[in-house]
2 protein chains.
Amino acid sequence: MRSEIHPSGQGDRSFVENARRAQIIDCAIDAIAELGYANASLAEIARRAGISKGVISYHFAGKRELIGEIIGAILKKATAVMLPRMKAERSAAGMLRAYIETNLDFLGANPNCIHAIMKIGAATRDEADQPKTDYELAFQPAVRDLEKLLRFGQQQGEFRDFSTRVMAATIRSAIDGVAFQLEANSKLDLKAYANELVILFDLATRKAAK
Amino acid sequence: MRSEIHPSGQGDRSFVENARRAQIIDCAIDAIAELGYANASLAEIARRAGISKGVISYHFAGKRELIGEIIGAILKKATAVMLPRMKAERSAAGMLRAYIETNLDFLGANPNCIHAIMKIGAATRDEADQPKTDYELAFQPAVRDLEKLLRFGQQQGEFRDFSTRVMAATIRSAIDGVAFQLEANSKLDLKAYANELVILFDLATRKAAK
DNA sequence: TAAGAATTTGGTCGTGCGGTCAGAAATTCA
DNA sequence: TGAATTTCTGACCGCACGACCAAATTCTTA
């Protein structure tokens, strides 16, 4: 057991260890999505996995590491969906559209992941705030990339002159807001919602016609 | 002690009771803002107020009721700031601008209230979700009002044809996002941020020039 | 001022948490 | 096969929480 040495890389883990870690992560996601972060105790996660509580402590240094791995797993999954479709676009406006659409696609396709990550974000954001949480650390790069995309559009002359910081934050908030609404109403029409957002932010970003 | 009968109204409470409740609510806001919801125990709140733990149980039916009262108090405060300035506007676009500006003004002027309500929202959103939380119940009317404002603008012919639902949700998310950023960086220039948002949503809502 | 009501105290209670551990079981490998 | 290693079990620890309560104290009011 040396998970403290490899907090994130899968390094030289045994087959059993990898399988167990994956299983525990999956069960943890479901437990958090259904019961909330506070109620998803190690005991509950172990119960769902059909294993003893100690196994989790054996494979993970603590609850923090488990949560960190969950975030990493979900982020990896989302990136895999989004990147290809964004790279296929040529214009900045097209990339922004792809960003919004693939994001909402992912929300619709992975409800449990979204529920889980929303609850994790909520719970960790609540704590005494001093240090950056894993959650923020994981998501800040995503916002940076979005800002880079916006700056690119401005340089290309496609976008008007706005604060890329504010625009990026607003777009991210809008998408996170969709995830939030999805928790209350799972019947939300994401295709239509995505269209509305695409138009909204197209109008907000594009250069006025001369 | 009949706080269960008057869960929210101030009814026929004694002078002492009102004073104590207000004091406890204030201390609770500070405690939650500084330590997070989870760490703001009744013991900690009592310590800050310089009273015994039991006093809180005496004046409030439980932690839930205390939290509910906190939300109500903050919401009341925010409404008092926003309503007058919105009513002073005639056009829908002007009202939207006032909505955004007064909202951000309030964020800047009441950091502790904002911290507290963010943490409460995070913590209660995290729980097993079945019933609507006080937090959601309190905020939904606010979004409704915003939607009403947007519909008004469409009827006036000021605004283009968009889903008021999506637009209202996006505006709210954008503002909530500011509160979130404010936690990480209290030096944020809110005046400039408000200007950016006003322009952004003006472009997003207004009817294209013919 | 004296009786009664309102308020406060300080302590206890049960609960559930994350984490630990000795030893059992399973697996690996020589 | 048999020893060494990895993996797992189930009981257990200390801790902090919200809730609760009987007794002490302060305020009201007749």
Side-chain angles (χ1 to χ4, degrees), chain A residues 1-6 10-25 27-28 31-32 35-70 119-120 123-124 126-128 134, chain B residues 1-6 10-25 27-28 31-32 35-70 119-120 123-124 126-128 134:
Chain A
M1 200 268 286
R2 47 200 145 26
S3 32
E4 18 223 333
I5 302 176
H6 301 287
Q10 76 275 29
D12 49 354
R13 292 211 184 89
S14 77
F15 172 76
V16 174
E17 185 159 7
N18 279 324
R20 267 279 184 257
R21 285 176 69 99
Q23 178 205 20
I24 291 170
I25 288 173
C27 291
I32 293 173
L35 306 174
Y37 182 88
N39 297 341
S41 63
L42 295 188
E44 170 63 22
I45 295 169
R47 194 189 62 73
R48 285 168 180 251
I51 57 179
S52 153
K53 209 173 41 152
V55 182
I56 299 178
S57 297
Y58 177 72
H59 289 288
F60 296 90
K63 206 182 184 183
R64 274 196 73 98
E65 196 207 334
L66 174 55
I67 298 303
E69 295 292 296
I70 291 174
K119 310 225 165 166
I120 290 173
T124 60
D126 156 55
E127 290 162 6
D134 298 319
Chain B
M1 202 268 285
R2 49 202 141 29
S3 32
E4 17 221 334
I5 302 177
H6 302 289
Q10 74 275 28
D12 49 352
R13 291 209 185 88
S14 77
F15 172 77
V16 174
E17 185 160 8
N18 279 323
R20 267 277 183 258
R21 286 177 69 100
Q23 178 205 21
I24 292 170
I25 288 174
C27 291
I32 293 172
L35 307 175
Y37 181 89
N39 296 340
S41 63
L42 295 188
E44 171 63 21
I45 296 169
R47 193 190 63 72
R48 285 168 180 255
I51 56 178
S52 158
K53 214 175 32 157
V55 183
I56 299 177
S57 297
Y58 176 71
H59 288 288
F60 296 90
K63 207 181 184 185
R64 274 198 73 97
E65 196 208 335
L66 174 55
I67 299 302
E69 295 292 296
I70 291 174
K119 310 228 165 163
I120 291 173
T124 60
D126 154 57
E127 291 161 6
D134 298 320

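Owing to the predicted nature of the structure, the values given are computational and were not obtained by experimental measurement. First the proteins, then the strands, lettered A, B, ... as listed; each starts at 1.
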Residue whose closest nucleotide on DNA chain C lies nearer the 5' end, A:G54 versus A:A38: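 Mapping each residue to its closest nucleotide by heavy atoms, the 5'-most match is A:A38.
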Along DNA chain C (nearest heavy atom to each residue), the more 5'-positioned of A:K63 and B:G50: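 Comparing both residues, the 5'-ward one is B:G50.
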A:Q23 side chain to A:A49 backbone, donor-acceptor under 3.5 Å: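 Checking the backbone N and O of A:A49 against the side chain of A:Q23, a donor-acceptor pair under 3.5 Å is found.
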Short side-chain to backbone donor-acceptor contact, B:S52 and B:V55, under 3.5 Å: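 Between the backbone of B:V55 and the side chain of B:S52 there is no qualifying donor-acceptor contact (under 3.5 Å).
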Does [N] have its OP1 or OP2 closer than 4.0 Å to a side-chain nitrogen or oxygen of [X]?
X: B:Y58; N: C:dT8; value: no
X: B:H59; N: C:dA6; value: no
X: A:S41; N: C:dC17; value: yes
X: A:R20; N: D:dC8; value: yes
X: A:S52; N: D:dG10; value: no

Round to a whole Å and report the spacing from [atom1] of [X] to [atom2] of [N].
X: A:F60; N: D:dT7; atom1: CZ; atom2: P; answer: 13 Å
X: B:L66; N: D:dA19; atom1: CG; atom2: C1'; answer: 14 Å
X: B:I56; N: D:dC17; atom1: CD1; atom2: C1'; answer: 13 Å
X: A:L42; N: D:dG10; atom1: CG; atom2: C1'; answer: 15 Å
X: A:N18; N: D:dT6; atom1: CG; atom2: P; answer: 15 Å
X: B:N39; N: D:dC15; atom1: CG; atom2: C1'; answer: 14 Å
X: B:Q23; N: C:dT8; atom1: CD; atom2: C1'; answer: 12 Å
X: B:L35; N: D:dA16; atom1: CG; atom2: C1'; answer: 14 Å

B:K53, nearest nucleotide to its side chain (from C:dT9, D:dA19, D:dT9):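 The answer is D:dA19.
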B:I70, B:L66, B:L42 screened by side chain to side chain contact (heavy atoms under 4.5 Å, CB included) with B:I24, the one that passes: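 Single pass found, and it is B:L66.
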Rounded distance [0.5 Å steps], CD1 in A:I25 versus CZ in A:F60: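 Atom-to-atom, A:I25:CD1 and A:F60:CZ are 4.5 Å apart.
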Non-hydrogen side-chain atoms of A:L35 and A:R48 separated by less than 4.5 Å: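 Contact flag for A:L35/A:R48 side chains = yes.
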